[in-house]
Amino acid sequence: MLLTELVTTHGAVAATRSRLRKRELLAQALRTAEPGDEVEVVAAFLSGRPRQRRTGLGWRTLARLPAPAVEPSLTPLEVDAALDRFAAFAGSGSQAARAAAVDELFSRATAHEQDFVRRLILGELRQGALDSLLLDAIAAAADVPLAVVRRAAMFSALSGPLARAALTGGEPALESFRLVPGRPVRPMLASSAPDVAAAMERFAGAPVAADTKLDGIRVQVHRDGDEVVVFTRSLDDITDRLPEVVALARSLDVRSVVLDGEALLLDDAGRPLPFQETASRTGTHEADGEGGRLPLTVRFFDVLHHDGTDLVDAPAAERLATLDRVLPPQAVVPRVVTTDPDEVATFFADTVASGNEGLVVKALDAPYAAGRRGAAWVKVKPRHTLDLVVLAVEWGSGRRRGMLSNIHLGARDPATGDFVMLGKTFKGMTDAMLTWQTERFLALETGREGHVVYVRPVQVVEIAFDGVQRSTRYPGGMALRFARVVRYRDDKTAAEADTVDAVRALR
DNA sequence: TTCCGACAGTGGGGTCGCAAT
DNA sequence: ATTGCGACCCCACTATCGGAA
């Protein structure tokens, strides 16, 4: 199989909006590939995620490519091998050698192939199909029920091996993907609700478990005998960075266990430190200077396996009972179980007052839906809002090409009368708002620099956000976390917008 | 026939490690 | 020493398709 066939498939997939048609196109490509190494690579490419997570190549490195080839000759397996070579250069210090290897690959690619491979490496395939639709395509290509493919996917971080199994061994081969302590499981994700009442409504009066949502990093901890492995949400192995978590897992009175939880830093009083502190600690390799370092805390909210028993399909109530039996109480995320919305609302207020991020409300009868953003988990977080002023706008990309999209946000500084930038946002805008703001901000334009259009600071916008974090990037030393647009406010002038002092008060 | 669950896209700030300057 | 880049932590929200109701 030639890479150019894959590029054609990619183009056809991008050209149609029908997901059924996309599925058929992807399935066709999977059937065409050699069932073995080739189909594994083809599946990975078509899911937009090559096997090699890190190649050391980003938009900057790939901005300038050599002259393309005229005739297609590359195969998917050759590209895969090249990505392996790029990955091997990471940390080797030989940038020049890597640049030469990049040149070598791209000079063998046609213009279309260059574009495809660059998008692939950058994770910007933009064909309206990623991993999830690929699972559909695998089922179609191998004529296997989708449920069987999805089941296998729970226990395989990558989808390439699923395609290989499905197309070489069919359903029985897929059924060999099971939970094995030491091998990562795709994490279950939560949908979100605006408040506790809305979250509770989704469960229609059935009892729920309301778990404290800790503001740290997600950890999946596996223990098998004395072996302990810690995975992140994206299933990277970070065992060597979290010795405290390893120690806790070893201390448990179990033979084997798979736990889902959150790691974070607490101060001496047990109050969570800002997320940035946890990110710094968990991002640092060993840093053996123990002096004065706060220990990392880990708390768990789910268990997927215990001493030979898989619990993924067990109802949450049973998993929680096992969790409470296996772990000391302080290692379990604080939780209430109830049908009463008022009780959950009170718990929410208390947990937020204690410095936590919010709650995750969970159905007690639901299994662990690995790899899915199921309705069985609903997160609720408090929301702040401010009225800020738009200082500049950036031209959008993809479906927002030709629209002014990403807005720069400023708070009024009463001392100087100027505006202090606090961050940007592109979230919360409807298509109608994008159309409106493109016209509006072009009318307010004062100048341009690259893809940024500067405007007269007169348009007020109501912004929702999760909190204020410290910033080295912005002049006020503060940035908004998860800022999104609520609405434009034409009933307020810039002079009536919120001030930097109001923002400081939220720190 | 209408409703709604699940996906993909569109980017945000911060942190680290590494290589080049 | 500082800076730029790549990778990866944390993400929210809207539009859309197609199966569910």
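Numbers restart at 1 for each chain; the letters A, B, ... are given by sequence-line order, proteins then strands.
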Crowding at CZ, A:R183 (>12 non-hydrogen neighbours, <6.0 Å): no
Which nucleotide in B:dT15, C:dA12, B:dC16 has an atom nearest any side-chain atom of A:T284: B:dC16
All N/O contacts under 3.5 Å from nucleotides 1-3 of chain C to the protein, with atom names and distances to one decimal?
none

Phosphate OP1/OP2 of B:dG13 contacted by A:R473 side-chain N/O (<4.0 Å): yes
N/O (side chain, A:R19) to phosphate O (OP1/OP2, B:dA8) under 4.0 Å: no
Selection from C:dC9, C:dG18, B:dA8 that lies nearest to any side-chain heavy atom of A:L130: B:dA8
Protein-nucleotide distance (A:F86, atom CZ; C:dA7, atom P), rounded to Å: 12 Å
Spacing of A:M403 atom CE relative to B:dG11 atom C1', expressed in whole Å: 16 Å
Between A:Q437 and A:R440, a side-chain donor and acceptor under 3.5 Å: no
Most 5' of A:I238 and A:A464 on DNA chain C, judged by nearest nucleotide: A:I238
Touch class at under 4.0 angstrom, heavy-atom based, for A:D215 against every strand present: nothing
Nearest-neighbour nucleotide for the A:S405 side chain, B:dG5, B:dA8, B:dG11 considered: B:dG11
Nearest-angstrom distance from the residue atom NZ of A:K427 to P of B:dG11: 12 Å
Sugar-phosphate, base or nothing in reach of A:T55, heavy atoms under 4.0 Å: sugar-phosphate
Gap between atoms CZ and C1', on A:R383 and C:dC11 respectively (whole Å): 16 Å
Nucleotide of B:dG9, B:dG13, B:dG14 approaching A:Q276 most closely (side-chain heavy atoms): B:dG14
Touch class at under 4.0 angstrom, heavy-atom based, for A:T232 against every strand present: sugar-phosphate
B:dC7 pairs with, by Watson-Crick or G-U criteria that keep both distances under 3.5 Å: none
Nucleotide nearest A:R372 (side chain, heavy atoms from C-beta), chosen from B:dC7, B:dG9, C:dA12: B:dC7
Cation-aromatic face contact A:R481/A:F275, 6.0 Å, 45 degrees: yes
Phosphate OP1/OP2 of C:dC5: any A:R60 side-chain N/O under 4.0 Å: yes
Which nucleotide in C:dC9, C:dC5, C:dC11 has an atom nearest any side-chain atom of A:K379: C:dC11
Atom-to-atom span, CG of A:L404 to P of B:dG11 - whole angstrom: 12 Å
Gap between atoms CH2 and P, on A:W377 and B:dG5 respectively (whole Å): 19 Å
Residues A:R21 and A:T16: side-chain donor-acceptor under 3.5 angstrom: no
Between C1' of B:dA6 and CE of A:M188, the distance in whole Å: 14 Å
Residue A:S471, side-chain heavy atoms: nucleotide from B:dG13, B:dG12, B:dG11 that is nearest: B:dG13
Rounded distance (Å) that lies between atom C1' of B:dT15 and atom CG of A:L264: 17 Å
Sidechain N-carboxylate O distance under 4.0 Å for A:E277, A:R470: yes
Under 3.5 Å side-chain donor-acceptor pair for A:T239 and A:D237: yes
Sugar-phosphate, base or nothing in reach of A:A479, heavy atoms under 4.0 Å: sugar-phosphate
Shortest side-chain distance from A:T430, nucleotide among B:dG12, C:dC9, C:dT14: C:dT14
Options B:dT10, B:dG13, C:dC10, nucleotide nearest the side-chain atoms of A:R481: C:dC10
